[in-house]
Amino acid sequence: MAAEKGDEYLILEVTSHALDQFRFWGTKFDIGVITNITREHLDYHGTFENYRETKFKLLRSVKFTVINQNLSQYIVRSHTIMDNKLVTFGLDKGNFNQKKVKLNLKIPGDYNVENALAALAVAFVLDIDQESAKKSLGNFTNLTGRMEEIKNNLGIKIFIDFAHTPNGLKQALQTLCSHTSSGRLIAIIGCEGFRDPGKREPMGEISGKLADITIATSVDPRGQLDLINKQIVEGLKKTGAKLDQDFFVIDDREKAINFAINKLAKKGDTIGIFGKGHELSLNLDGKKELPWSDKKAVERSLYG
């Protein structure tokens, strides 16, 4: 269909599962882009090293490699780049960085700056005018469920974000911290059942350190909710957080969101709702996908 419409470029996100299972077999990529690699899918890959090397498979047959500067040492060490040309980006270093390229973005967060620099690097490889590319990036607002703000009349800020890994949660909370000047930061978090259980405690610890109040709740628990929340709480306790003061455990996600908005939050506070983002279903028992939307749950809490 893209070819029929006359599209010149096609961007495809290739997961580590697809790379490991050769599901992209026969697809020839001109440019391979890796924005960053942090802990994810270890229930499948076993170790972070295996996960990282699987990601690098994307780069073996491309003409151009565009990667975050902090990954360049691993690229050289693993010998995954053959004859392809390398373009790097990063906040402070790389061919494209904040010191060399001035970007005025409407979306918050250093991770979004890195993503924009990666896009600009791709535009450079494709000989797209850099000023036009910078203008397009500056006009971009956001994607559904990715640091999406839900406006309201309560004097609080409410954001929905997909952050479901330790690094993703850390980046999101740091971004919200920088935009919370006077009030408190309230984080609603959770983890998936049967998915990398080792990340649960670190996510609790990260939220305990960066958020003023944390609510642990369901994010596709698949029948493991009690265990998941127990492990998240262990991480919270490492920061000295106390139950029913610094953190709460509310199994029902709808009730957790309503509690944060209508019971906890005060004027000037910021609420970050993490883990589901754009997704439209919730798996509680490991069998059935139930219709779900964080945005609609927020709207029900706000307007009844």
Side-chain angles (χ1 to χ4, degrees), residues 1-16 18-19 24 27-38 40 55-76 80-149 159-163 167-168 171-172 174-176 178-179 277-278:
M1 184 174 290
E4 292 174 356
K5 290 183 177 180
D7 294 334
E8 294 183 57
Y9 310 108
L10 178 65
I11 301 172
L12 179 65
E13 181 181 8
V14 183
T15 67
S16 61
L19 289 164
F24 69 102
T27 304
K28 294 182 179 180
F29 298 107
D30 293 305
I31 305 171
V33 183
I34 297 183
T35 54
N36 211 340
I37 300 178
T38 58
E40 176 70 308
K55 282 283 193 179
F56 289 160
K57 289 180 180 179
L58 175 66
L59 310 177
R60 289 181 179 168
S61 59
V62 299
K63 296 177 182 177
F64 292 90
T65 289
V66 176
I67 61 168
N68 195 309
Q69 174 66 27
N70 63 25
L71 297 174
S72 58
Q73 58 176 318
Y74 300 114
I75 292 290
V76 174
T80 53
I81 291 183
M82 304 301 181
D83 298 324
N84 47 345
K85 297 180 181 179
L86 176 65
V87 182
T88 60
F89 66 90
L91 292 176
D92 302 312
K93 298 179 180 179
N95 303 119
F96 289 83
N97 64 66
Q98 287 186 111
K99 296 178 181 178
K100 295 180 180 180
V101 181
K102 302 298 181 183
L103 291 173
N104 295 308
L105 303 180
K106 294 180 180 178
I107 50 178
D110 285 346
Y111 62 95
N112 278 320
V113 174
E114 288 189 310
N115 289 339
L117 289 167
L120 197 62
V122 172
F124 167 78
V125 170
L126 295 173
D127 292 324
I128 295 173
D129 178 69
Q130 187 172 120
E131 290 305 312
S132 296
K134 287 171 63 177
K135 184 177 179 180
S136 295
L137 289 167
N139 290 331
F140 181 77
T141 52
N142 73 334
L143 294 171
T144 300
R146 304 292 178 120
M147 203 56 74
E148 180 181 6
E149 184 173 5
F159 292 88
I160 294 172
D161 193 78
F162 187 50
N167 182 68
Q171 295 292 332
Q174 286 178 334
T175 298
L176 293 183
S178 66
H179 287 77
H278 62 287

Measure the shortest side-chain to side-chain distance between Pro108 and His179 over non-hydrogen atoms and say whether it is less than 4.5 angstrom. yes
**Item:** Donor-acceptor contact below 3.5 Å, side chain Thr88 vs main chain Asn95
**Value:** yes
In this structure, CZ of Phe89 is separated from CG of Asn115 (nearest 0.5 Å) by 7.0 Å
* Just wondering, are more than 12 heavy atoms of other shown residues or ligands nearer than 6.0 Å to CZ in Phe124? -> no
dist Ile31:CD1 -> Lys63:NZ (nearest 0.5 Å) comes out at 9.5 Å
Closest non-hydrogen contact found for Met147 with Asn142 is O-ND2, 4.1 Å
Could you go through the side chain to side chain contact (heavy atoms under 4.5 Å, CB included) check for Gln98 and Leu103 one step at a time? CA-CA 7 Å; Gln98 287 186 111; Leu103 291 173; over 6 Å; no
Between the CG atom in Leu120 and the NZ atom in Lys100, the distance rounded to the nearest 0.5 Å is 12.5 Å
Derivation of the side chain to side chain contact (heavy atoms under 4.5 Å, CB included) call for Phe29 and Val14
CA-CA 11 Å; Phe29 298 107; Val14 183; 3.7 Å; yes
Shortest non-hydrogen pair, Ala121 vs Val66, comes out as CB-CG1, 3.7 Å
Taken to the nearest 0.5 Å, the spacing of Glu148 CD from Asp161 CG works out to 10.0 Å
With Glu114 as partner, the option from Asn97, Asn70, Asn68 fulfilling side-chain hydrogen bond (donor to acceptor under 3.5 Å, both in side chains) is Asn68
Heavy-atom nearest pair, Ala18 first then Phe24, reads O-CD2, 3.8 Å
Interatomic distance, CG@Asp127 vs CG@Asp129, rounded to 0.5 Å, equals 10.5 Å
Student check: side-chain heavy atoms of Ile67 and Leu59 closer than 4.5 Å: yes
Indicate yes or no: at least one non-hydrogen side-chain atom of Phe56 is less than 4.5 angstrom from one of Ile34. yes
Between Ala118 and Thr35 the two heavy atoms that sit nearest each other are CB-CG2, 4.4 Å
When every non-hydrogen atom of Leu137 is compared with those of Ala119, the smallest separation belongs to CD2-CB, 4.1 Å
Value for CD1 (Ile107) from OG1 (Thr175), rounded to nearest 0.5 Å, stands at 10.5 Å
* Over 12 foreign heavy atoms within 6.0 Å of CG, Asp7 -> yes
All heavy atoms of Leu117 vs all of Gly90, minimum pair found to be CD1-O, 3.3 Å
